[in-house]
Protein chains: 2
Amino acid sequence: MDKSICPRFEKAITILSQRWTGLIIYQLLSGPQRFGTIESAIGVSGRVLSERLKDLENEGIVKREVFPETPVRIEYSLTEKGVSFEPLMKEIEKWSQHWLEPEEIQ
Amino acid sequence: MDKSICPRFEKAITILSQRWTGLIIYQLLSGPQRFGTIESAIGVSGRVLSERLKDLENEGIVKREVFPETPVRIEYSLTEKGVSFEPLMKEIEKWSQHWLEPEEIQ
DNA sequence: TATAATAACTTACATAAAGTAAGTAACTAA
DNA sequence: TTAGTTACTTACTTTATGTAAGTTATTATA
């Protein structure tokens, strides 16, 4: 190995390269959401979603808030650091609209 | 499932969420490179690199060129579609420099 | 009082993806 | 004839993810 890649860049792309992470952040950009909503919106399994949300919380990207109602309501939302992914997501959107044809997907 | 996410966006983020894909594209942005160079630059295993390069060729993102020297030289480079990832990579770089501290990385 | 419902997980197990290291092909140099 | 070089491929192991059932906590319903 001979890695000359900036470690900060590498860390960032490692976060985004984790399966589901990008979609979770993208989904939360539309506002705070519950576990089950994210799960069905992006089609991730509960097992992995649970794992990812913990990781993202540890990274300071996602915030978890408990509302002691019945049944309990838990909302996930983006921190400032999480919201800062917006320009990047816009770039992905822009790229996809320019370079991907609807018919050639899948 | 209830997916209301734009399929083009989803496809784009699926490409980027594949482990190593982003780093391979980033690495090739600095110019055409050989298999072994990419392998050691980003630290991916040959087995997976081989797989990813084929995928990226099929997506029209990477181009493979054979030079019949001895030993044979094969160069991988980005197509126009591949180069178009540059602004996106710049955004990742920008984000990482703003939001990641060097000391907190691994 | 017992049962059911709901949300957010967690656990156990199965399948898929990625890592490791040895092997192959094609060619030249020693 | 043997060794070296590059770009892979193959067989096998380890890790990640998917699936589906189970758990916890709380209230509503029969």
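Chain identifiers are assigned alphabetically (A, B, ...) following the order of the sequence lines, protein sequences preceding nucleic acid strands; residue numbering begins at 1 within each chain.
- The existence of a salt bridge linking Lys54(B) and Glu51(B) is excluded, since no basic side-chain nitrogen approaches an acidic carboxylate oxygen closer than 4.0 Å.
- Atoms CD (Gln18(B)) and P (dA16(C)) sit 15 Å apart, rounded to a whole Å.
- Looking at heavy atoms from C-beta onward, Val62(B) lies in side-chain contact with Leu78(B) at the 4.5 angstrom threshold.
- No donor-acceptor distance shorter than 3.5 angstrom exists from the side chain of Ser50(A) to the backbone of Gly46(A), with no hydrogens or angles considered.
- Computed from coordinates, the Trp20(A) CH2 to dT17(D) C1' distance equals 10 Å when rounded to whole Å.
- Leu49(A) places its CG atom 8 Å from the P atom of dC9(C), with the value rounded to the nearest Å.
- The shortest distance between side-chain heavy atoms of Leu49(B) and Trp20(B) does not fall below 4.5 Å.
- Put simply, CD1 on Ile38(A) is 13 Å from C1' on dA7(C), counting in whole angstrom units.
- No hydrogens or angles considered: a donor-acceptor pair under 3.5 Å links the side chains of Trp95(B) and Ser84(A).
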Fill in the blank from the handout: Heavy-atom contacts, protein to nucleotides 4-12 of chain D, under 4.0 Å, summarised as B (base), S (sugar-phosphate only) or - (none) per nt, yield -BSSSSBB-

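- Among all heavy-atom pairs drawn from Tyr26(B) and Met89(B), the shortest one is CB-SD, 4.0 Å.
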